[in-house]
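In the text below, chain A, chain B and the rest are named by the order of the sequence lines, each starting its count at 1.
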Protein chains: 4
Amino acid sequence: MAPPVTLTALLHGPDQPGLVARVAGWIFERGGNILHADQHRDMEEGIFFQRVEWVPADGARGSDVSSFLAFASSLGMQARVTDSSSRPRVAVFVSKADHCFHDLVLRWRAGEFAGEIAAVVSNHRDMAQATEGYGLAFHHFALDAASKAEVERRQLALLRELGVELVVLARYMQVLSGEFLEKFGRPVINIHHSFLPAFAGGRPYHQAHARGVKLIGATAHYATPDLDEGPIIHQDVARVTHRHGVEDLVRKGRELEKIVLAQAVRWHLDARVLVYGRKTVVFD
Amino acid sequence: MAPPVTLTALLHGPDQPGLVARVAGWIFERGGNILHADQHRDMEEGIFFQRVEWVPADGARGSDVSSFLAFASSLGMQARVTDSSSRPRVAVFVSKADHCFHDLVLRWRAGEFAGEIAAVVSNHRDMAQATEGYGLAFHHFALDAASKAEVERRQLALLRELGVELVVLARYMQVLSGEFLEKFGRPVINIHHSFLPAFAGGRPYHQAHARGVKLIGATAHYATPDLDEGPIIHQDVARVTHRHGVEDLVRKGRELEKIVLAQAVRWHLDARVLVYGRKTVVFD
Amino acid sequence: MAPPVTLTALLHGPDQPGLVARVAGWIFERGGNILHADQHRDMEEGIFFQRVEWVPADGARGSDVSSFLAFASSLGMQARVTDSSSRPRVAVFVSKADHCFHDLVLRWRAGEFAGEIAAVVSNHRDMAQATEGYGLAFHHFALDAASKAEVERRQLALLRELGVELVVLARYMQVLSGEFLEKFGRPVINIHHSFLPAFAGGRPYHQAHARGVKLIGATAHYATPDLDEGPIIHQDVARVTHRHGVEDLVRKGRELEKIVLAQAVRWHLDARVLVYGRKTVVFD
Amino acid sequence: MAPPVTLTALLHGPDQPGLVARVAGWIFERGGNILHADQHRDMEEGIFFQRVEWVPADGARGSDVSSFLAFASSLGMQARVTDSSSRPRVAVFVSKADHCFHDLVLRWRAGEFAGEIAAVVSNHRDMAQATEGYGLAFHHFALDAASKAEVERRQLALLRELGVELVVLARYMQVLSGEFLEKFGRPVINIHHSFLPAFAGGRPYHQAHARGVKLIGATAHYATPDLDEGPIIHQDVARVTHRHGVEDLVRKGRELEKIVLAQAVRWHLDARVLVYGRKTVVFD
């Protein structure tokens, strides 16, 4: 039997007594049944965060979405509601390194993501054939400093045309402009190949090697105009020793990058990540 | 400002629609404010589990406990409610290995446990002086096969007299009888020095060395009459290589045993562990 | 500049004073330069193990191999010498699960293995197209209880014809007979989806779920006629909670299986693994 | 039977062909037997590093030490030789946080360190009683900005008088001056409560909390005049979530600090750590 279609709300706003009971009561009164509910209070900031997933009453799914948004607003909360039967469209941006690309596509085909890969976008042609071998559309945008603004406009047009709701930068070696991020207006997830905030910027494995660290890391974060400063979704590390040269760090790092990026994308598509300020709440 | 006194309920029973809303509603109607609520459904077994922590209305704390138990019972749920201002009394059982003993006492003194160490019990005198150095009472019970039943009776009498609500076997090298466990009627946490179910029984580090495993482990579990078969609370592992002899495994294992046992005791005292069948739900 | 061609010897035998010096002296006298040398003594068993890698004198490479074997034999040691310019041929055996298959092929194409994938062998046709998409030869052997002995004979003939020096069972859901292993006479690496010796045999994730463990594992080992009892090369674990159903364990386990199997294959092909009894020495 | 007394040399210098053979040959010719030998080449810098441990011929122990140093010098190598029967004297510097202090002393009493704790030094009196309870000498040095230079002179005099060969800063909240480090002329190991180079400087857990990282770390390093920039010996991390406030990070961090510092001290006392530039080679 297929699992029931559910609605999932992510909400946050100023804390006040009774919020858990009110949200639960609202769903119960409309004939819904809560499957999962998880909440968090930031005591210092006085903010309440909640993720709640429920099976709506028969026929109530569409109206529940808009009603819930109004209800949350009446509580002074910001909310987002997703329907488990909808599958957000995702664009994967790549350059030449292909490990995250293959990893994401194979996981998607294995059913690990609650979304659809709608396009692969690249500033190089290296992955055109592999993309098409997977039956996916490949979009090439040659890019240099002079053409960047124009290329970003064309990329934005493509994303809009395809109805893309999430961009994943899978080792895309270009910085998206603040204007691109603002106009796109939807989340962009990036993988940085270090344990941020250590080794922000370029060539992090070279930096790590030079400093003689004993662990290397990878960090998946939402892209913001401040490079490598966006809210962190997930991080992991691997042990290295003096025996590992820069190339070994690169190889071991590929492993981390794949796992960390895929986990961040899975959590995002499962509506488990809430951003506030420069931080995230991850309801895992 | 001191944190407010809270009540924490752990409840479980047959799943039914509306449980989350009903529990939240009950607390809200009585003027309580939910700080944390976490629940889990075992889909295969159709069981609902919840941990909910709330600040009761002024003056309602005592009556809330008994009322909540009656309320949970009316929902067909088993429940346990703890009050954050009460500090359960704990007895630590030891033999000759002292690492878990020192670790537990030092953590207790650092304020890591929501309970009080009320007694140290041992079948040897090795730790008498260290125990008294910490200002704790040391209870020695010489023990052999012939005297075991009699000694257990005296130990039970001591635990009752001291009002002990949790026994921690901190590398206590004696098996408690099923009769002891039943008569004590309260939880007993044991640390087994392997990654159960691998290497149950005696001399697990020797077994691990002989098998040539690449990771060793430690497992904290509730003691049951079936040795090493009780519900697992926490486990962890550490990497070993061919270079590590049995003595190295023992040394590395001490590290794991300390951390795994302390974490299990902390979770238990924070009312985060629910047992069902031979498994646990840990609301961490 | 390309790295120099090196010879790597793995040797082991009864310990005796002066072995390190004698091996180093032998290489030095013949004009070789040791790049890496690592040794281990099993104190209980009195066995000496060594991995030594050196750049031979110009023109001496071929003669060094046979001379070294004779020299090792004169010391009472068993030895194996590999030449970094030779690339052993590998056959990958698969059934229906494809994650380890894709992972191994993509790593091979990324240059992570010191060997060549020469064939993909399967008892199902599911991966025929993907294999050919990678430009590799796919060999299908329909198999049932009645035909097993005959199929194994044909598989052996294929492996011999292709000059295969290593078989990797990448979630191949058939047990190779002792006769097959003996006649093949070369190493076979298997991935078992549990932390052996826990949960040997079938459906290990179901076993792990039923026992309520807090970590799941994967184990890469050399196949022997005793199922799941062969020498362990590598193991790793991942944390799970009560929230993870059997399907989640399977998904998280795929991650472990890929990483653990790939690491074991890489170490094997780099001549870093020495087997003795039911254990391995891994010079990592 | 007691293990034999051994000599361990740590050497490094410009790489040249035949070094492994020459060192092994030198030991062999003098009747010594190599138990362990491990070496590393930094290919980029052209530096050779080696740790070699051997049982000298009867009666040769004393003369081997000086002869080996001369021999290493003739190869252009810097060397240090330690004798397993000597037990370096260690001073532990503490302030008010006591977790690393207790951990180090208990490990020392459990026989985990190849050295002797000769003194506990503090700028506060908080740990005087606990130190004396362990039967150790406690040295209090009241300290303020004005008295710092004078206090350091008295501390140096104490260290010289006690023959201290290693200082361990076990959460000692004072920065030692460059002059102190230079005059002491022996290694000083510090524990920094972050994953360096992230969150150098003060209040690293507050910094980590503000940045919203998903892992916290601890770093043991040799102290240098450049604060938090010394060569890293060991690092480890632990996972945190949005649920962890600064106090939780502090508590989880204590765990890391204890383990990371103890491991670094153990490796140092086992003559496993070689410093070059701002990095270490750890022969573990």
Trainee: Between chain A and chain B, which N or O donor and acceptor atoms come closer than 3.5 Å?
Mentor:
| unit_1 | atom_1 | unit_2 | atom_2 | d |
| --- | --- | --- | --- | --- |
| A/Gly18 | N | B/Asn33 | OD1 | 3.0 |
| A/Asn33 | OD1 | B/Gly18 | N | 3.0 |
| A/Ile34 | O | B/Arg41 | NH1 | 3.1 |
| A/Ile34 | O | B/Arg41 | NH2 | 3.1 |
| A/Leu35 | O | B/Arg41 | NH1 | 2.8 |
| A/Ala37 | O | B/Gln39 | NE2 | 2.5 |
| A/Gln39 | NE2 | B/Ala37 | O | 2.4 |
| A/Arg41 | NH1 | B/Ile34 | O | 3.1 |
| A/Arg41 | NH1 | B/Leu35 | O | 2.8 |
| A/Arg41 | NH2 | B/Ile34 | O | 3.0 |

Trainee: State which residues pass side-chain contact (heavy atoms from CB on, under 4.5 Å) with B/Ala21; sequence neighbours excluded, sorted by chain then number.
Mentor: A/Ala24, A/Phe28
Trainee: At a 4.5 Å cut-off on heavy atoms, which part of B/Ile27 comes close to chain A: side chain, backbone, both, or neither?
Mentor: neither
